Number of protein chains: 2
Amino acid sequence: MDINLTITLNEKLYLRNPEESELGKRILEHSIILIERIGFEAFTFKKLAFEINTTEAGIYRYFENKQRLLLYLVDWYWSWQEYRLMQETRNVEQPKTKIMTAIRLLATRVEDDISTGHINEKLLHDIVMSEGAKSWLTKHVEADNKDKLFQPFKDLCALIAEFITAYNPRYAYPFSLSSTLIEMAHSQYYYMQHLPSLTDFGHHKDEDEIIRFLEQLVFGALDSQAKEK
Amino acid sequence: MDINLTITLNEKLYLRNPEESELGKRILEHSIILIERIGFEAFTFKKLAFEINTTEAGIYRYFENKQRLLLYLVDWYWSWQEYRLMQETRNVEQPKTKIMTAIRLLATRVEDDISTGHINEKLLHDIVMSEGAKSWLTKHVEADNKDKLFQPFKDLCALIAEFITAYNPRYAYPFSLSSTLIEMAHSQYYYMQHLPSLTDFGHHKDEDEIIRFLEQLVFGALDSQAKEK
DNA sequence: TTTAAAAGATAGTAATACTATCATTGAAAA
DNA sequence: TTTTCAATGATAGTATTACTATCTTTTAAA
C-alpha cells in the first residue's frame, strides 16, 4: 500500500506552491534540515540555496521571506497533528480517551512519518518547539490572523476544545485549556531539554512524566470544575 | 518618601553597566519604548542611537548586541516581578493566598512603577509578552544558561514552586506547574489581545477572566492530586 | 513546432550588524 | 591647578542580510 499524504495550506503563505514542483519540495525538505541545524536567526535563503544547489532568487520565487517559510512549516505541522489526532480518535467513544490521545500525540517525541516524503516530522517537531512561537510573536500577528494564517493551530485548538466540552460541558474555559495544553506540551519538552530546573523532569528526561503532568493538569481542572458547579 | 529601586543583574549581560551612567539609563529607557513600538525584529542599535542622540558605536559599548539587551530587559522584568511577589507575600501565612497573589501579579496588566525612574514597567510587560520568549528560544540557550542568564526567571519559578509545595507537599510537579503558570499568565494575555479564538476571553478582553482560569487550573491540579494520593 | 512557464545565472542595492580609530569632554586624582 | 583617564562623540569601513531586477536557458504542454 502506497499512501501519500499531501497537506494543502493557505495560498497566502507562498508565492508559488512548493508542493507542486521538485524544487519546491527540496526547499521544504532542506529548510527543515537547515533551520533545525543552525537555528532560524542564522538561517538565510542564500545558505539554503547553497545546500540545494539553486540560487537565492530561485527561493524568493516560492516564499516572500524566511518568516513566511517558517509559518508554512509551522502550519504544516499543526495540520499534520490535527490530521493524526482525528485519525486516532475516530471511533473512540469516550471524551476522556480522546483527550488522553491528544496529550499523548502532542507530548510524545515525534518519529519521522514515511508517508510524507520530503517532510521530516521529527526535525519539524524540534523546529516547532524552538522556533514556532516566532511565527506569531510579531508586529503583524493581527494582519496575518486576518489572512487566516494561523488557522491550522486554531483548528487543532478547537478540536481539542470540543473534546474538553464533551468531557465536561460545564467547564468554562475549553479553548484556553486547549491552547494551554498544546503550548505546554511543547514548551515543557523544550524546558526539560534545555532548562530542566523549570520542570520536575530533572535529568532522566522522561517524556512520560510530561504526559502525566499534563493529564493531571487537564483532568484536575476539568474534574474540580464539575464538583464546584 | 523617596524610595529608589535599583535592580542589579548578572554582569555577563552587558559590557558596561547601563545603570551606572546617564547614557546607560537612556539606552534602557528608550530601548523599551522603541522595541515596544516597532518590535524586536525591526529594532536596531542605529535607530535607538538616533532616538537618544548618540551613536551606534556608543550603544555597542554597553551591549554586545540587541539580543543581550533584550535579555537584560527580560531579566530585569523577572527580577522586578519576584521582588513584587516577595513584598506582597511577606507576612502572608496561607500558601493559598500566596499562590493567588502570584496569579494576580502575573496576570494583571502592569502599571508604570514610578520608583524606577527610567524603566516603564507597563511597556516592559508588553515586551516580555511579545518578545520575551525570543530570549531563550535560541541555539545558545544552554551556553546562556550556564552563564546563569536565566536566573531571574528560575528564581521566580522556584519561589512560586515553594508556595505550591507549601500548599500541597504531595503534589509531584511544583516547578512545571509554576513555569506553566508564569508562561500562561503572559501568553493567554497575548492571545486574548491578538488571537482571541485561542481563548475563552473573547472580545470583552477582561483580565479577571484570565485570573479565574489560572486559579481554577492551578488549584484544580493541586486539589485533585491531594485526593488521589 | 511553438510557446510559455519555471529555473538558472548574474548583478545590484539598501539596510543590518558589527569593528576600528581618533578626537573631545569632564570629572577625579595628583 | 594641572594631569589624566575614562566615557563619549564622530567618522569610516566591512561582511552579511534581505531583498529586486533582468536576461538566458531549460522543460514540458499546446
Side-chain angles (χ1 to χ4, degrees), chain A residues 11-31 34-35 37-73 118 131 134-135 137-140 143-144, chain B residues 11-31 34-35 37-73 118 131 134-135 137-140 143-144:
Chain A
E11 291 189 3
K12 290 194 174 150
L13 288 166
Y14 48 78
L15 301 171
R16 182 172 299 169
N17 191 339
E19 287 289 350
E20 281 175 2
S21 75
E22 277 315 305
L23 179 58
K25 286 177 195 168
R26 277 194 295 145
I27 289 173
L28 296 180
E29 178 179 2
H30 289 273
S31 63
L34 191 55
I35 291 173
R37 191 163 74 226
I38 66 177
F40 187 65
E41 270 61 51
F43 170 81
T44 69
F45 280 0
K46 195 171 190 176
K47 290 174 188 167
L48 176 59
F50 178 80
E51 293 284 319
I52 59 182
N53 270 294
T54 184
T55 58
E56 213 184 344
I59 298 171
Y60 275 106
R61 289 192 183 109
Y62 282 84
F63 292 100
E64 234 177 284
N65 51 50
K66 68 174 185 173
Q67 288 77 13
R68 277 295 156 100
L69 171 53
L70 177 63
L71 192 46
Y72 184 97
L73 297 175
H118 47 293
E131 321 284 359
K134 295 168 191 170
S135 61
L137 296 178
T138 68
K139 279 282 164 187
H140 45 88
D144 289 350
Chain B
E11 292 188 2
K12 290 194 175 150
L13 288 166
Y14 49 77
L15 301 171
R16 181 173 299 168
N17 191 342
E19 287 288 352
E20 282 175 1
S21 75
E22 277 315 305
L23 179 59
K25 286 177 195 166
R26 277 194 296 143
I27 289 173
L28 297 180
E29 178 178 2
H30 289 273
S31 63
L34 191 55
I35 291 173
R37 191 162 73 225
I38 66 176
F40 187 64
E41 270 61 51
F43 170 81
T44 69
F45 280 1
K46 195 170 189 177
K47 291 173 187 167
L48 176 59
F50 177 82
E51 292 284 319
I52 58 181
N53 271 294
T54 184
T55 58
E56 211 185 345
I59 298 171
Y60 276 106
R61 289 191 182 108
Y62 282 84
F63 292 99
E64 235 178 283
N65 51 51
K66 68 174 184 172
Q67 287 77 12
R68 278 297 155 99
L69 170 54
L70 177 63
L71 191 46
Y72 184 98
L73 296 175
H118 48 292
E131 320 284 0
K134 296 169 190 169
S135 62
L137 297 179
T138 68
K139 278 283 164 186
H140 44 87
D144 289 351

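It should be emphasised that the depicted structure is a prediction, and the values quoted were computed from it without experimental measurement. In the text below, chain A, chain B and the rest are named by the order of the sequence lines, each starting its count at 1. In what follows, every heavy atom counts, from backbone to side chain, and hydrogens, waters and symmetry copies are set aside.
- Remark: B:Asn53 CG to B:Leu23 CG distance equals 11.0 Å, nearest 0.5 Å.
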Distances for protein N or O near nucleotides 17-22 of chain D N or O, under 3.5 Å:
| unit_1 | atom_1 | unit_2 | atom_2 | d |
| --- | --- | --- | --- | --- |
| D:dT17 | OP1 | A:Lys47 | NZ | 3.4 |
| D:dC19 | O5' | A:Tyr60 | OH | 3.1 |
| D:dC19 | N4 | A:Glu56 | OE1 | 3.1 |

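- A:Leu23 places its CG atom 9 Å from the C1' atom of C:dA6, with the value rounded to the nearest Å.
- Protein atom CG of A:Leu48 is 14 Å distant from nucleotide atom P of C:dA7, rounded to whole Å.
- A pairwise comparison of heavy atoms in A:Ile35 and A:Glu131 identifies CG2-CG, 4.2 Å as the closest pair.
- A distance of 11.0 Å separates NE2 of A:His118 from CD1 of A:Ile27, quoted to the nearest 0.5 Å.
- Distance A:Lys25 NZ to C:dA6 P: 15 Å, rounded to the nearest Å.
- Between the side chains of B:Tyr72 and B:Ser31, no donor-acceptor pair is found at a separation under 3.5 Å.
- Residue A:Asn53 contributes atom CG, which lies 9 Å from atom P of C:dA9 at whole-angstrom precision.
- Side-chain N/O atoms of B:Ser21 include one lying less than 4.0 angstrom from OP1 or OP2 on D:dT8.
- Counting any heavy atom pair closer than 4.0 Å across all strands shown, B:Phe63 reaches no nucleic acid atom.
- From B:Arg37, atom CZ reaches atom NZ of B:Lys47 across 10.5 Å, with rounding to the nearest 0.5 Å.
- Contact between the side-chain N/O atoms of A:Thr55 and the OP1/OP2 oxygens of C:dA9 is not found at any separation under 4.0 Å.
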Steps toward side chain to side chain contact (heavy atoms under 4.5 Å, CB included) verdict (A:Lys134, A:Glu41)
CA-CA 10 Å; A:Lys134 295 168 191 170; A:Glu41 270 61 51; 2.9 Å; yes
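- When the P atom of C:dA6 is taken as reference, atom CD1 of A:Ile27 falls 13 Å away, rounded to whole Å.
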Verify side chain to side chain contact (heavy atoms under 4.5 Å, CB included) between A:Ile38 and B:Lys139, making sure each step is shown before the conclusion.
CA-CA 7 Å; A:Ile38 66 177; B:Lys139 278 283 164 186; over 6 Å; no
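- OP1 or OP2 of C:dA7 has at least one side-chain nitrogen or oxygen of A:Tyr62 nearer than 4.0 Å.
- A sub-4.0 Å separation between OP1 or OP2 of C:dA7 and a side-chain N or O of A:Arg16 is present.
- Distance CD (B:Glu22) to P (C:dG26): 14 Å, rounded to an integer number of Å.
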